[in-house]
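All values below come from the heavy atoms of this structure, side chains included, with hydrogens, waters and symmetry mates left out. If you read the sequence from its start, that first residue is 1, and numbering goes on from there.
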Amino acid sequence: MSEFSKVGTVSPQALKAELADGREIALLDVREQGQYGEGHPFLAVPLAYSQLELEAGRLLPRLGVRMVVLDDDGADTPHALGQRAARRLQALGYSDVRVLQGGARGWASAGYTLYQGVHLPSKTLGELVEHHCHTPSVSAAQLHAMQQAGEKLLVLDGRSRSEYQKMTIPGAVSCPNAELGYRLHRLALDEQTTVVVNCAGRTRSIMGAQSLINLGVPHRVLALENGTQGWYLQDLALAHGSQQFYPEVSPDDPALQARREQAQALVERSGVQRASPAQFQQWRDDRTRSTYFFDIRTPEEFKQGPACGALHAEGGQLLQGTDLYIAVRLARVLLLDTDGVRAPLVGSWLVQMGFEVFLLEAGLVKDQSAWSWPAVPALPVLPVLTASQLRDLQEQRGAVHVIDLRLSLRFRDLHLRWAVWSTRARVRQAAQQLVDAGAGDSPLVLVTSDPRVAALAASELTAEGRLIYRTPDDAAAWTAAGLATEFSPQQPPDADCIDYLFFVHDRHDGNKQAARQYLAWEMNLVSQLNAQERAVFTLRP
C-alpha cells in the first residue's frame, strides 16, 4: 500500500452506534499516553504510534477484526497521525481499519464525553462494585487506630510487587489481588483476624476485598478507603522498600480444596464457562472471533513453566487495566491457572465487563499446538554508536543531529546537550527543524534504550536519505566519553510532554493536590456515564 493512500473514515455518530451493535470492535487511540489520558472515548484503548507494531499483535489477535483509529483531530491528509497509523495496521495484515472523522475533537464536538485518566472500564467497575455490593471499608484514620490498639489485623497490598515496594501501609504484606483467595489460608490462620486490602487509590482495594467476600472467606474483610493516598493525605507515614511478600503455596495443598469449592460456586453464579480440549483446538484456528489466551499466575510461576502460546497477564493487573491487555470489545477470553482458584476469581469479574470468559486447566494445553498471535514485523537494524564513537563522529563531521526518543521526563533528568526530544509521531518534523537550524544533512543519531523504538522512528525518515544511527541510553558512558550533558527541568515544557499524564503520576511523588484530584476523578467516573456506557457492565449478586 502506498504511503500516501488514504484510509476510509467513520463519523462519530456511526462509531457510537457500532460500539453498541453487539459485534466485536476495537477503538484504538494512537496518540501518546499523556494525550490519551487527557481525554478519550470511554471504550478507547491506548496503542501509541511510537510502539504500534510492537504492541498490535498481542492487543489485536484477529486480523479481520473491525477497528477504528483515533487521533487528536482526524485530519484527512496522508501525513495525519490517524491515517499513518491506519496504514501501518493495514501493512500488518489488518483488513478492516478506518479512521475516526475529527478524532478526539470530533467526538467531543458531536456531544460525546472525553474521559480523563487511564483504565476507565476497570476503574469504573470498581466504583460500580462498591455501590452495588456495598463493599465494607475502613478509613486511614480508623485503620491506624486499629493498629495502635493492637487489634488482630492483616493488611494485604493488592498491587504488583514493585508498586508495593515503592510505598505501602506499614506492616502490609504484598499479595496481588488475584493471589488473595489462593494464599489467604497461609496468611490469616486465625478466623478472628480482620483482613484489610489496600492499593494506591480505590479500585484494587475495593475489588480485592469484594473478591474475598464473594469467595466466602470466614474473615471480616475491609477495603482501605483511598489506599496509600488516603493514608498519606492523613499525614500518616508510609513504608518504603518493604519486603513482606506472599507465601508460597502448592496447588496440591489439601487446604485449597475448600477454596476450590468456593471458587466453583462463584463460577456457577457468575456465568464463567469451562473449555473442553476440542473447544480449545477449535478456537485456536477460529478466524471469526477474537480470542485472548492469558496465563494469570505470578511472574515467577509463568517464567518457570509458561503454557503453550499464552500471554502472561498477572490476574490482578489484568483486572486493574483491561485496556492494556484486551483491545477488542466483546472478545472471548481464555484464562489459565494451575489451582482452580485464581482463574475463576478473575473470570467472575471479566464476565461482568462484557467478555465471554472460559477457564482452562494447565494440563489441557500441554500437548496442544502453540497458540499463535500476529507477529511483530521484522525491523531494520540501525548501526549502533557507542558514546566514544558518537564523540568521534561529531568531531569528524562538525555537527551531528541527535533526537532523544526516551520518555520526556527522563530527557528532562539528563540528556546530551545538543539533543532535542521527540516521539515517533513527530520525529519527521524534529529532523526537519534540525536541518533548518543548520548543518544540512548531518548524520542523525536516535537515543533510546529500545532498538525497536529507534527502528520504528527511523522508518518515518527513510525518505530523508541521510545516515541514521542509534546510541544507547547510557549517561555514565556519555560522561566517560566526554560528551556534554545537561539537566533541563522545564524542557520539554509540560504541554509538549505528550507521553506523560501528570495528574495520574504526580500523586506518587508527594503531590497532595494531585492525589486529591485523582481520587475525585475515580469517584466521579460513574456520574459521567451515559446509558450506553453503563450498559457495558452487568453486575451480578
Side-chain angles (χ1 to χ4, degrees), residues 28-41 44-52 69-75 77 79-85 100 102-109 112-120 323 401-437 446-448 453 456-457 460-461 473 485-518 520-521 524:
L28 310 170
D29 192 323
V30 296
R31 299 172 296 169
E32 297 301 314
Q33 185 184 31
Q35 296 169 302
Y36 169 82
E38 286 296 337
H40 59 272
V45 299
L47 179 58
Y49 187 62
S50 293
Q51 300 193 41
L52 184 145
V69 170
L70 161 75
D71 64 8
D72 198 43
D73 58 10
T77 61
H79 288 303
L81 179 60
Q83 287 285 328
R84 290 156 62 193
L100 177 62
R105 296 179 192 175
W107 185 261
S109 295
Y112 306 136
T113 301
L114 291 176
Y115 288 83
Q116 279 193 310
V118 295
H119 314 325
L120 289 180
D323 55 341
H401 294 163
V402 179
I403 298 179
D404 196 319
L405 298 169
R406 300 174 303 159
L407 295 176
S408 56
L409 267 63
R410 187 165 179 81
F411 178 89
R412 282 182 174 186
D413 286 341
L414 189 74
H415 59 266
L416 293 168
R417 182 171 295 170
W418 59 91
V420 298
W421 181 77
S422 188
T423 66
R424 176 191 182 185
R426 299 179 175 182
V427 72
R428 189 176 304 193
Q429 296 94 313
Q432 186 58 51
Q433 289 169 4
L434 288 170
V435 170
D436 293 343
L446 303 176
V447 180
T448 178
V453 170
L456 291 175
E460 306 289 319
L461 301 166
D473 174 9
T485 59
E486 64 182 5
F487 166 63
S488 60
Q490 303 302 323
Q491 292 296 325
D494 288 359
D496 287 344
C497 294
I498 59 175
D499 61 338
Y500 189 80
L501 188 56
F502 287 90
F503 92 90
V504 168
H505 297 291
D506 283 2
R507 63 195 171 107
H508 296 313
D509 296 324
N511 186 329
K512 288 190 174 183
Q513 181 55 37
R516 294 188 184 95
Q517 181 184 355
Y518 182 85
W521 166 77
N524 191 44

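In this structure, L409 and C497 have side chains that are in contact, with non-hydrogen atoms separated by less than 4.5 Å. Under the 4.5 Å side-chain criterion, counting only non-hydrogen atoms from C-beta, L405 is not in contact with R424. Looking only at side-chain heavy atoms (C-beta outward), S488 and Q490 stay at 4.5 Å or farther from each other. In this structure, L114 and W107 have side chains that are in contact, with non-hydrogen atoms separated by less than 4.5 Å. You'll find the side chain of P46 reaches within 4.5 Å of the side chain of D323, heavy atoms only.
Across all their heavy atoms, T485 and R417 have their closest contact at O-NH2, 3.6 Å. When all heavy atoms of D496 and P492 are compared, the closest pair comes out as CB-CB, 4.0 Å. Contact record, Q83 with A75: CG-O, 4.1 Å, taken as the closest heavy-atom pair. Taking all atoms of both residues into account, the shortest heavy-atom contact from D29 to R31 is OD2-NH2, 2.7 Å. W421 approaches L407 most closely through the heavy-atom pair NE1-C, 3.8 Å. Pairing each heavy atom of T448 with each of R406, the nearest pair is CA-CG, 4.1 Å.
Distance alone, capped at 3.5 Å, is enough to place a donor-acceptor pair between the W521 side chain and the Q116 backbone. Side chain of Q35 to main chain of E32: a donor-acceptor pair is present (N/O by atom type, distance under 3.5 Å, no hydrogens or angles).
Considering only residues two or more places apart in sequence or on other chains, Y36 meets the ring pair (Phe, Tyr, Trp, His ring centres under 6.0 Å) condition with H40. With sequence neighbours left out, R426 forms a side-chain hydrogen bond (donor to acceptor under 3.5 Å, both in side chains) with no residue at all.
Rounded to the nearest 0.5 Å, atoms CD (Q433) and NE2 (H401) are 11.5 Å apart. Here D499 contributes atom CG and T423 contributes atom OG1; the two are 8.0 Å apart, rounded to the nearest 0.5 Å. Once rounded to the nearest 0.5 Å, the distance linking CG of D72 with CD of E38 reads 11.0 Å. We find the CG-CG distance between L100 and D73 to be 10.5 Å, quoted to the nearest 0.5 Å. We find the CG-CD distance between L501 and Q33 to be 6.5 Å, quoted to the nearest 0.5 Å. Here L81 contributes atom CG and L70 contributes atom CG; the two are 9.5 Å apart, rounded to the nearest 0.5 Å.
Salt bridge D494/R412: present, at least one basic N to carboxylate O contact under 4.0 Å.
Screening V420, L416, L446, V447 for a side chain to side chain contact (heavy atoms under 4.5 Å, CB included) involving D404 leaves a single residue, V447.
Between H415 and F411, the ring planes are parallel. Angles under 30° get that label, and only those over 60° would be called perpendicular.
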